[in-house]
Amino acid sequence: MYTVEFDHDEITITIIDDSGIHEDVIVNSFDDIVFIRQWDEDAKKIKAVAMSPGQWEELIASINSPEGAFITSRK
């Protein structure tokens with residue numbers, strides 16, 4: 001299950017593990033940066049990855065790509 005919420009300058013995607021084994025994965029997307037966050041139970045804090053919107057788009061494109069190296073064109 002996942003949710004998508006739109007705010008005036010942010011998109012928040014929350015991906016919920018239906019099995020309840022893993023913590024939610026939260027994506028906060030802004031015009032200039034994207035954060036992927038998840039609670040780390042062992043460390044008792046949120047772990048985050050920051051990337052550019054271009055990297056985020058390449059991550060999404062890579063999900064259904066075959067093995068190999070790819071160059072994406074910017075619009």
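Everything numeric here is computed off the predicted structure, so don't read it as measured data.
- With sequence neighbours excluded, the residues satisfying salt bridge (charged side-chain N to carboxylate O under 4.0 Å, His left out) with D40 are K47.
- Contacts classified as side chain to side chain donor-acceptor pair (under 3.5 Å) and involving residues 56-68 (residues at least two apart or in different chains) are given here: E58-T72.
- Other residues, nucleotides and ligands place no more than 12 heavy atoms under 6.0 Å from the CD1 atom of I71.
- In this structure, M51 and I36 approach most closely via the heavy-atom pair CE-CD1, 3.6 Å.
- Heavy-atom contacts from other residues, nucleotides or ligands closer than 6.0 Å to CZ of F70 number more than 12.
- Q38 and E23 get closest at one heavy-atom pair: NE2-O, 2.9 Å.
- Hydrophobic cluster membership is shared by Y2 and F6, with clusters built from Ile, Leu, Val, Met, Phe, Trp and Tyr side chains linked at under 4.5 angstrom.
- Proximity of R37 to V25: side-chain heavy atoms (C-beta onward) are nowhere separated by under 4.5 Å.
- In terms of heavy-atom proximity, D18 sits nearest to M1 at OD1-N, 3.1 Å.
- The side chain to side chain contact (heavy atoms under 4.5 Å, CB included) test with S29 singles out one residue from T12, I11, I13, and that residue is I11.
- With hydrophobic clusters built from ILVMFWY side chains whose heavy atoms lie under 4.5 angstrom apart, L59 shares a cluster with V34.
- Note: I26 CD1 to I15 CD1 = 9.5 Å, rounded to the nearest 0.5 Å.
- Note: the hydrophobic cluster containing I33 does not contain V27 (ILVMFWY, side chain heavy atoms under 4.5 Å, direct or indirect links).
- No donor-acceptor distance shorter than 3.5 angstrom exists from the side chain of D7 to the backbone of D9, with no hydrogens or angles considered.
- Rounding to the nearest 0.5 Å places CD1 of I60 at 12.5 Å from CD of Q55.
- In this structure, CG in D31 is found 11.0 Å from CD in E10, a value given to the nearest 0.5 Å.
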